[in-house]
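Whatever order the structure lists them in is the order used to number ligands and atoms, beginning at 1. What you see is a predicted model; the values in this text were computed from it and never measured.
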Amino acid sequence: LCQTKEQRILDFVLKNAVRGDPQSVIDNIDKYCSQREWSMNVGNEKGIILDNVVKESNPSTILELGTYCGYSAVRICRLLKPGVRFFTVEFNPAYAAVAKQIIEFAGLIDKVQVLEGSTGDIIPQLKKKYEVDTLDFVFVDHWKDKYKPDTQLLEKCNLLRKGSVVLADNVIVPGAPDFLEYVRNCGKYDCTNFPSFLEYMDEKDALEKAVFRG
Ligand SMILES: Cc1cc(C(=O)N2CCN(C)CC2)sc1-c1cc(O)c2nc[nH]c(=O)c2c1
Ligand SMILES: [Mg+2]
């Protein structure tokens with residue numbers, strides 16, 4: 001009955017991972033996607049870099065653009081202290097449905113709010129509707145053409161403060177050249193590139209960290 005790849009990933013996690021154990025959820029998604037069906041989770045190589053950037057930022061309010069199956073939501077939230085708030089935006093309702101179940105199985109649903117809709121609509125609602133002051137950490141992993149406009153929207157909505165970390169996946173593959181050019185040259189960010197590999201492949205990819213100067 002699992003008609004979609006995302007449902008098959010969920011099924012594999014429910015069968016093989018340990019309820020309430022985020023690491024086993026991460027390990028089983030990686031196992032399925034490296035052995036059976038490739039899918040666009042950030043993966044373990046880039047995931048370790050993500051872990052390290054999250055640990056050093058020690059964020060309290062986090063926004064993720066692009067939930068997909070919830071792999072990076074589980075990856076990030078497993079590192080967070082109690083009481084932090086994690087918002088993740090997913091445009092595709094089928095992906096959001098799978099992600100909620102995977103996040104719940106990992107035991108992290110109390111920290112996470114999965115917001116269904118487009119980032120262009122949801123970002124302007126974060127202050128008033130979701131009582132966000134500013135964001136400590138933003139993981140950008142939705143659609144390459146939205147990276148730059150959504151970063152500019154975060155600025156416009158005053159959601160970034162001095163030291164806010166914007167970490168973007170896939171700046172090589174599929175690539176976000178206009179985003180890279182913007183954050184590296186607009187004068188508002190201190191940027192660092194982290195070379196790595198495309199999830200489950202030998203192809204080169206990278207993460208870009210852009211720290212808002214305020
Ligand atoms: C869909 C896709 C295909 C890729 C590729 O080069 N491939 C060659 C090799 N074959 C096997 C796999 C596919 S890379 C990629 C991708 C990867 C992410 O991490 C993404 N993150 C967020 N949003 C995206 O749209 C997103 C797309
Ligand atoms: Mg990605």
* Asked: In this structure, which one of Asp30, Asn41, Asp141 forms a side-chain hydrogen bond (donor to acceptor under 3.5 Å, both in side chains) with Tyr71?
  -> Asp30
* To do: For Arg75 and Leu50, indicate whether the former's side chain and the latter's backbone hold a donor-acceptor pair under 3.5 Å.
  => no
* To do: Give me the protein N, O or S atoms that fall under 2.8 Å of the Mg ion (ligand 2), sorted by chain and residue number.
  => Asp141 OD1, Asp169 OD2, Asn170 OD1
* Asked: Donor-acceptor pair, Lys127 side chain versus Asn158 backbone, under 3.5 Å?
  -> yes
Which atom pairs, nitrogen or oxygen on both sides, join ligand 1 and the protein at under 3.5 angstrom?
| from | atom 1 | to | atom 2 | distance (Å) |
| --- | --- | --- | --- | --- |
| ligand 1 | 19 (O) | Asp169 | OD2 | 3.3 |
| ligand 1 | 19 (O) | Asn170 | OD1 | 3.0 |
| ligand 1 | 19 (O) | Asn170 | ND2 | 2.7 |
| ligand 1 | 19 (O) | Glu199 | OE2 | 2.5 |
| ligand 1 | 21 (N) | Asp141 | OD1 | 2.9 |
| ligand 1 | 21 (N) | Asn170 | OD1 | 2.9 |
| ligand 1 | 23 (N) | His142 | O | 2.7 |

* Asked: Does the distance from a Lys or Arg side-chain N to an Asp or Glu carboxylate O, for Lys100 and Glu90, drop under 4.0 Å?
  -> no
* Asked: Going by an N to O cut-off under 4.0 Å, is there a salt bridge joining Lys209 and Glu56?
  -> yes
* Passing candidate, side-chain contact (heavy atoms from CB on, under 4.5 Å) with Val89, options Thr67, Leu63, Leu126 -> Leu63
* Aromatic ring pairing Tyr147/Phe179, orientation class (parallel under 30°, perpendicular over 60°, tilted between) -> perpendicular
* Are the charged groups of Arg78 and Asp51 less than 4.0 angstrom apart, N to O? -> yes
* **Neighbour count above 12 (heavy atom, 6.0 Å) for Phe91 CZ** => no
